[in-house]
Asks: 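Sharing a structure with you now.
So that the names make sense, note that chain A is the first sequence line, chain B the second, and so on, each numbered from 1.
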Amino acid sequence: MSTSASWRTHRCGDLRAEHIGEKVQLCGWAANRRDHGGVFFVDLRDRAGLVQLIADEDAPAEAGPALDALHAEDVIQITGTVRPRIAGQKNEDRDTGEVEVLVETVQVLSHAQRLPFEVLDELDAPEQLRMKHRYLDLRRAPMKRLMELRSRANHSIRTTLQGRDFIEVETPMMTRSTPEGARDYLVPSRVKPGSWYALPQSPQVFKQLCMVGGLDRYFQIARCMRDEDLRADRQPEFTQLDLEMSFVTEEDVYALVEAVVVALYRDVLGRELSAPFERMPYAEAIQKYASDKPDLRIPIEIVDLAGPGGQLGFMVFDGVLEKGGWVRGFRVPGGASLSRKQIDQIEQAAKDAGAGGAAWCKVTEDGATGPLSRFLEGDAGAAFLAALEAQPGDLVVTIADLPRRALVALDAVRRKAAELAEMVGEADRLVWITEFPLFEESDEGEWHPAHHPFTSPVLEDVEALAAGQKDGVRSRAYDLVLNGVELGSGSIRIHDRDLQQTLFSAIGIPPEEAEVRFTHLMEAFRYGAPPHGGFAIGLDRLYALMFGAASIRDVIAFPKTASGSCPLTEAPAPVDSEQLAELGLALDLPDTDGNASTDAP
RNA sequence: GGGGGUGUGGCGCAAUUGGUUAGCGUACCAGACUGUCGAUCUGGUGGUUGCGGGUUCGAGUCCCGUCACCCUCGCCA
């Protein structure tokens with residue numbers, strides 16, 4: 001082992017021409033070995049980078065064989081002297097490429113067996129294997145870069161918020177299950193058998209309690225857990241920047257979040273975003289882009305084609321309109337040059353989104369061609385094309401369906417058409433979506449809060465709310481959207497008990513039940529609650545976008561698969577019966593032919 | 001929960017219409033080589049084609065089921 005006071009004098013990746021002549025002691029992983037019979041090379045890698053070790057006739061006799069005996073990813077400690085590379089043998093592609101280390105002694109600190117996959121910067125191992133052996137994956141430079149960027153990004157956020165007098169508060173990871181929202185991950189209590197903690201879906205209640213507690217400005221880089229089915233951009237546990245402020249309006253929250261995001265891009269990427277960000281009311285986003293997270297890089301706007309009388313004069317479409325459906329579409333400027341195959345892809349996008357399909361036509365100097373054109377005879381057809389402002393050379397795409405499906409399909413088709421017509425702009429587009437509806441109507445016709453039940457309505461809509469109206473009542477909730485991706489959302493909360501009661505009764509929760517379901521927060525609000533509001537940004541998703549990562553899993557050190565399992569630890573896993581007994585638990589699993597086991601091996 | 005895709009030595013891929021002993025690259029092992037940097041050259045080890053059934057004289061290939069992963073709709077206040 002090391003005989004000197006410390007393990008190393010330098011980091012491999014830090015060595016430069018200025019170190020020439022110095023005696024150095026280095027530690028790291030043997031990344032690559034090249035044996036020329038009389039001269040041996042090894043690339044030694046540490047966190048800082050790679051440096052070339054060499055043993056030739058100038059080195060002690062045992063140095064060459066010692067290098068030659070190394071295996072890929074052995075951890076070694078070497079002593080040697082930094083020297084310039086001979087003429088013509090410098091490596092321009094490497095920061096340390098002007099120098100090499102003439103080796104004197106080699107000490108193997110830890111031997112590496114044959115690897116499950118090769119530690120190469122160029123990705124070639126299956127993702128599941130990378131996750132199972134994440135410690136090997138993290139040795140690759142691209143992964144190291146992502147971990148470093150994430151660390152710097154977190155630091156930037158903390159610096160900005162500390163500088164604005166925010167207090168970073170850690171809220172409980174073991175808390176109480178709340179009735180609303182996603183499915184909870186549960187933790188059984190040993191001391192109180194039959195009772196359970198829940199892992200937080202977000203620190204929502206606690207951050208509001210911080211405001212009642214007078215902390216005034218709270219933030220946290222918080223872990224959240226939701227037991228729901230996963231997606232490419234969703235993990236069962238994820239990280240959000242959670243913040244809350246007292247005595248603020250939407251404007252204060254917007255300005256603060258903009259400051260955080262602008263500083264983040266500047267500190268981490270050296271890029272300047274222009275602030276304030278754009279703003280768009282929810283209703284406008286739905287109307288023009290059929291989405292509450294519109295990608296504004298796409299310069300295509302959707303047009304409502306239903307005439308003033310609610311009729312178009314074409315049987316196909318009027319039937320849809322009579323059933324309360326939508327007929328909406330858009331022109332793709334110059335889209336007539338798209339191939340039939342590409343247009344098929346657009347139609348397929350509509351079908352994948354759940355709509356029956358998309359009706360389309362190409363516009364020429366002599367009128368329309370394509371499947372939709374045969375319905376576009378006469379004045380009604382001309383009016384139809386005029387409403388779309390269609391020009392010769394355009395492609396016209398329309399969707400006719402019930403509103404919910406039409407919405408999803410229009411969004412999908414607009415994105416697909418823009419992608420194929422190469423109409424997605426280069427510049428990032430950040431936009432606040434404002435004035436979200438307070439309620440959403442479910443398929444069963446029930447109204448429930450679109451955000452959460454503590455979201456304040458817009459002041460002008462309170463009367464309508466009190467009068468029992470739900471449809472069209474606006475909330476003081478807002479989302480931040482980047483290039484069609486929702487980065488986060490927030491709202492101004494209700495701090496007034498009367499208004500809170502009005503809201504609860506509006507969604508059919510009687511006062512007594514509200515007390516039971518939201519005891520802690522409702523009680524706190526009895527003792528003086530300041531007006532407050534806040535925001536939460538999903539950091540995994542934002543970082544993946546910022547860093548150009550292929551997946552959010554790449555910006556998470558130890559991610560989980562789409563089924564919520566961890567290939568590295570093989571969690572979730574059964575526990576032994578003693579543990580269950582201690583918790584007062586008995587399993588009642590469906591028979592799945594030995595698949596269900598209560599005992600660990 | 002629904003739909004789609006993928007699964008072949010450690011890893012990346014191939015294998016004709018269902019047809020011989022499942023090939024190639026890389027990694028690994030051994031040897032050669034004095035300037036490489038994903039070194040090169042020579043030789044070698046390594047496979048129950050995810051798993052289970054079925055069709056067939058014969059299955060990596062076709063069928064059914066199942067598992068894992070990826071994508072997607074539902075879901076995620």
Asks: With a 3.5 Å limit on both atom pairs, tell me what B:U40 is paired to, counting Watson-Crick and G-U wobble, or say none.
Replies: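 B:A32 is the nucleotide pairing with B:U40.
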Asks: Looking at A:Q201, does any N or O in its side chain come under 4.0 Å of the phosphate oxygens OP1/OP2 on B:C76?
Replies: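 Answer no for this pair, as no side-chain N or O of A:Q201 is under 4.0 Å from OP1 or OP2.
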Asks: Just the atom pairs and distances: protein N or O near nucleotides 1-6 of chain B's N or O, under 3.5 Å.
Replies:
from, atom 1, to, atom 2, distance (Å)
B:G1, N7, A:D229, OD2, 3.3

Asks: Take atom P in B:A22 and the same atom in B:A27, then report the distance between them in whole Å.
Replies: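 Per the computed distance, 25 Å lies between those P atoms.
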Asks: Using a strict threshold of under 4.0 Å (side-chain N to carboxylate O), is an ion pair present between A:R234 and A:E228?
Replies: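 Answer for the salt bridge query: no.
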Asks: Tell me, which of residues 484-493 of chain A have any heavy atom that sits under 4.0 Å from an atom in RNA chain B?
Replies: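 Correct list: empty, so none.
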Asks: Under a 3.5 Å cut-off for both distances, is B:C13 Watson-Crick or wobble paired, and to whom?
Replies: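 B:C13 is paired with B:G23.
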Asks: Which residues pass the salt bridge (Lys or Arg N to Asp or Glu O under 4.0 Å) test with A:E250, sequence neighbours left out?
Replies: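 With sequence neighbours excluded, A:E250 shows a salt bridge (Lys or Arg N to Asp or Glu O under 4.0 Å) to A:R476, given in chain and number order.
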Asks: A:S565 side chain N/O closer than 4.0 Å to the phosphate oxygens (OP1, OP2) of B:C69?
Replies: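 Checking B:C69 against A:S565, a side-chain N or O does come within under 4.0 Å of OP1 or OP2.
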Asks: For residues 48-75 of chain A, pull every pair meeting ring-ring contact (aromatic ring centres under 6.0 Å, His included), keeping only residues two or more places apart or in separate chains.
Replies: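 Sorted pair list: A:H71-A:H111.
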Asks: List the residues meeting salt bridge (Lys or Arg N to Asp or Glu O under 4.0 Å) with A:R145, not counting sequence neighbours, and say none if there are none.
Replies: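 Counting only residues at least two positions away or on another chain, A:R145 forms no salt bridge (Lys or Arg N to Asp or Glu O under 4.0 Å).
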Asks: Output a table of nitrogen or oxygen pairs between the protein and nucleotides 8-10 of chain B separated by less than 3.5 Å.
Replies:
from, atom 1, to, atom 2, distance (Å)
B:G10, O2', A:P116, O, 2.4
B:G10, N9, A:R114, NH1, 3.4
B:G10, N2, A:E118, OE2, 3.3

Asks: Suppose we screen for side chain to side chain donor-acceptor pair (under 3.5 Å). Which residues come up paired with A:D295, at least two apart in sequence or across chains?
Replies: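 With sequence neighbours excluded, A:D295 shows a side chain to side chain donor-acceptor pair (under 3.5 Å) to A:R297, given in chain and number order.
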Asks: Would you say the base of B:G74 and the side-chain of A:R231 have a donor-acceptor pair closer than 3.5 Å?
Replies: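 By the distance-only test, yes, there is a pair.
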Asks: Whom does B:C69 pair with, Watson-Crick or G-U wobble, provided both distances fall under 3.5 Å?
Replies: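 Partner of B:C69: B:G5.
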Asks: For B:G47, give its Watson-Crick or G-U wobble partner with both distances under 3.5 Å, or none.
Replies: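 The base-pairing partner of B:G47, which may sit in any strand shown, does not exist here.
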Asks: So what does A:E440 touch, heavy atoms closer than 4.0 Å: a base, only the sugar-phosphate, or nothing?
Replies: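 The answer is nothing, as A:E440 stays clear of every strand by at least 4.0 Å.
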Asks: Can you name the side chain to side chain donor-acceptor pair (under 3.5 Å) partners of A:R130, sequence neighbours left out?
Replies: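 Expected list: A:D137, A:D554.
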Asks: Are OP1 or OP2 of B:C29 and a side-chain N or O of A:H71 less than 4.0 angstrom apart?
Replies: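 Yes.
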Asks: Counting the atoms with a prime plus P, OP1 and OP2 as sugar-phosphate, which does A:R405 contact under 4.0 Å by heavy atoms, base, sugar-phosphate, or nothing?
Replies: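 The residue A:R405 makes no contact with any strand.
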Asks: How would you label the contact of A:R234 with the nucleic acid (heavy atoms, under 4.0 Å): base, sugar-phosphate, or nothing?
Replies: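 Answer is base: heavy atoms of A:R234 come under 4.0 Å of a base.
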Asks: When you measure from every atom of RNA chain B, which of residues 38-52 of chain A have a heavy atom less than 4.0 Å away?
Replies: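 Output list: A:G38, A:V39, A:F41, A:D43, A:Q52.
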Asks: Do the side chain of A:R85 and the base of B:U36 come within less than 3.5 angstrom through a donor-acceptor pair of N or O atoms?
Replies: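 Check passes, donor-acceptor contact within cut-off.
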Asks: Can you sort out the partners of A:T81 under side-chain contact (heavy atoms from CB on, under 4.5 Å), two or more places apart, ordered by chain and number?
Replies: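 Applying side-chain contact (heavy atoms from CB on, under 4.5 Å) to A:T81 gives A:K23, A:E104.
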Asks: So, using side-chain contact (heavy atoms from CB on, under 4.5 Å) as the criterion, who are the partners of A:A544 when residues are at least two apart?
Replies: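 For A:A544 the side-chain contact (heavy atoms from CB on, under 4.5 Å) partners, ignoring immediate neighbours, are A:A549, A:I552, A:V555.
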Asks: Give one of base, sugar-phosphate or nothing for A:R83, where a contact means two heavy atoms less than 4.0 Å apart.
Replies: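 Base, at least one base heavy atom under 4.0 Å.
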Asks: For A:D461, which residues count as a salt bridge (Lys or Arg N to Asp or Glu O under 4.0 Å) partner, sequence neighbours excluded?
Replies: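 Per chain and number, A:D461 pairs via salt bridge (Lys or Arg N to Asp or Glu O under 4.0 Å) with A:R474.
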